[in-house]
Number of protein chains: 2
Amino acid sequence: MYPQLKLDNQLCFRLYTAARLITASYTPFFKKFGITYPQYLVLMLLWEKDNQVVGDITERLLLETNTVTPILQRMEKQGLIIRQKSKADSRKCIVSLTNEGKRLEEQIKEVPNCLAHSILEEGMEIDDLKAMVPLLDKLIGTIGKQTKQKE
Amino acid sequence: MYPQLKLDNQLCFRLYTAARLITASYTPFFKKFGITYPQYLVLMLLWEKDNQVVGDITERLLLETNTVTPILQRMEKQGLIIRQKSKADSRKCIVSLTNEGKRLEEQIKEVPNCLAHSILEEGMEIDDLKAMVPLLDKLIGTIGKQTKQKE
DNA sequence: CTTTAATATATCGTGTGCGATATAAAAATA
DNA sequence: TATTTTTATATCGCACACGATATATTAAAG
């Protein structure tokens, strides 16, 4: 009846589906390391810069502590990171890589290339992937702006 | 160290974030109807064509029954749909709208337009949104192809 | 210096997603 | 027809997301 209520006309459903499918395509690579996609995001941040506080991580991932804290707790239990209170400000919690967490970088570094490669082999073109980046950044920026306005 | 392991270089993280933020922007509109984004997806399918079997729904949403069945059970408990076994093939489960489920269409029909409008007001351009659609479709098609190959 | 407000993180409850497995019915095969 | 295989859906367990709330610590105000 209403064309705007048809699934095929909705950008949001495409984003929802694309995100699910592409993160799922990471899963087989992560399986032998016992990590998940969100845990991989945390590891990337720490590989880039170790010893960050929880707030740094939530800010980069655009997630809240109610999501990130449980992820960090699981990662600590698995021995990938440690969490310790800051001495300067004991409200803050500093997240650091263990040796095991550091070692994973070498083992995982080929995964993103590998996935990109297999997507390109299946008909997707590099220019298509490149074209999406600024569009997604603009969209994320726009929606993020709205979200902030309501606070 | 490895540029491909930087968050800022990853398409997947952008998709993951964009999907989260855009579906979250639906939430305030759904709140007064007590539904969620995935429940809204099911409703849209049924508004388009009532009395579909579970398999039709999983196929359109690219989800499995382990996700869809619990959603349908919650929707049935809320009185939005009913589920009944097919008489022709009692393995199949036919999902139908209740009157309440049907009534929601009128109340929700402006939501997608409303969201699109507010995104456009904040600097996103209509051409940007339109440009994303075929790119996402191509990506979804490509990853879907890979997923099927492994079966 | 005490009270109040702001900040940083954690906890709790609910609803997905999804891998793995179970169940039941229909279809195919022996 | 009895057995096996396939199909359709459901169940279970775990890890997110996220709204709401709680806790602890620091900063600001009185």
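Convention: sequence-line order gives letters A, B, ...; per-chain numbering from 1.
Rounded to a whole Å, the CG atom of A/Asp89 is 11 Å from the C1' atom of D/dA24. Between B/Gln84 atom CD and D/dA8 atom P there is a gap of 19 Å when expressed in whole angstrom units. Between the C1' atom of D/dC18 and the OH atom of B/Tyr26 lies a distance of 18 Å, rounded to the nearest Å. Atom P of nucleotide D/dC18 and atom CG of A/Leu61 are separated by 12 Å, given to the nearest angstrom. Between the CG atom of A/Leu63 and the P atom of D/dC16 there is a distance of 11 Å, given to the nearest Å. In this entry the distance linking NZ of A/Lys92 with P of C/dA10 reads 13 Å, nearest Å. Distance, B/Glu64 CD to C/dT21 P: 15 Å, rounded to whole Å. Atom C1' of nucleotide D/dC14 and atom NZ of A/Lys31 are separated by 14 Å, given to the nearest angstrom.
Salt bridge A/Glu106/A/Arg103: absent, no basic N to carboxylate O contact under 4.0 Å. The pair A/Asp8-B/Arg60 meets the salt-bridge criterion, since a charged nitrogen lies less than 4.0 angstrom from a carboxylate oxygen. The pair A/Glu125-B/Lys138 meets the salt-bridge criterion, since a charged nitrogen lies less than 4.0 angstrom from a carboxylate oxygen.
Note on A/Lys87: every side-chain N or O is 4.0 Å or more away from OP1 and OP2 of D/dT26. Here A/Arg83 reaches the OP1 or OP2 of C/dA10: one of its side-chain N or O atoms lies under 4.0 Å away. Phosphate contact (OP1/OP2 of C/dT16, side-chain N/O of B/Thr36, threshold under 4.0 Å): present. A close approach under 4.0 Å does occur between a side-chain nitrogen or oxygen of A/Thr69 and OP1 or OP2 of C/dA10.
One N or O on the side chain of B/Asp56 and one on the backbone of B/Val53 form a donor-acceptor pair closer than 3.5 Å.
Proximity note for B/Gln73 (side chain, C-beta onward) versus D/dC16, D/dT11, C/dA10: the nearest is D/dT11. Out of D/dA10, C/dT11, C/dT9, the shortest distance to the side chain of A/Cys93 is found at C/dT9. Side chain of A/Pro38, nearest nucleotide from C/dA10, D/dT9, D/dC16: D/dC16.
If you check distances only, the side chain of B/Asn66 does reach the base of C/dG19 with a donor-acceptor pair under 3.5 Å. Counting atom types as modelled, A/Arg91 pairs a side-chain N or O with a base atom of C/dT7 as donor and acceptor under 3.5 Å. Side-chain to base pairing of A/Thr65 with C/dA10: one donor and one acceptor N or O lie within less than 3.5 Å of each other.
Using a 4.0 Å heavy-atom distance criterion, B/Val53 is classed as a sugar-phosphate-only contact. Within the nucleic acid shown, A/Ser90 comes within 4.0 Å of sugar-phosphate atoms alone, with no base atom in reach, counting heavy atoms only. At a threshold of 4.0 angstrom between heavy atoms, the contacts of B/Arg74 include nucleobase atoms, whether or not backbone atoms are also involved.
Nucleotides of DNA chain C nearest to B/Lys85 and A/Tyr16 differ in position, and the one nearer the 5' end is that of A/Tyr16.
Residues A/Gln39 and A/Ile71 share a closest heavy-atom pair of CG-CG2, 3.8 Å.
Annotation: cation-pi pair B/Arg20/B/Tyr16 present, NZ/CZ under 6.0 Å from the ring centroid and within 45° of its normal.
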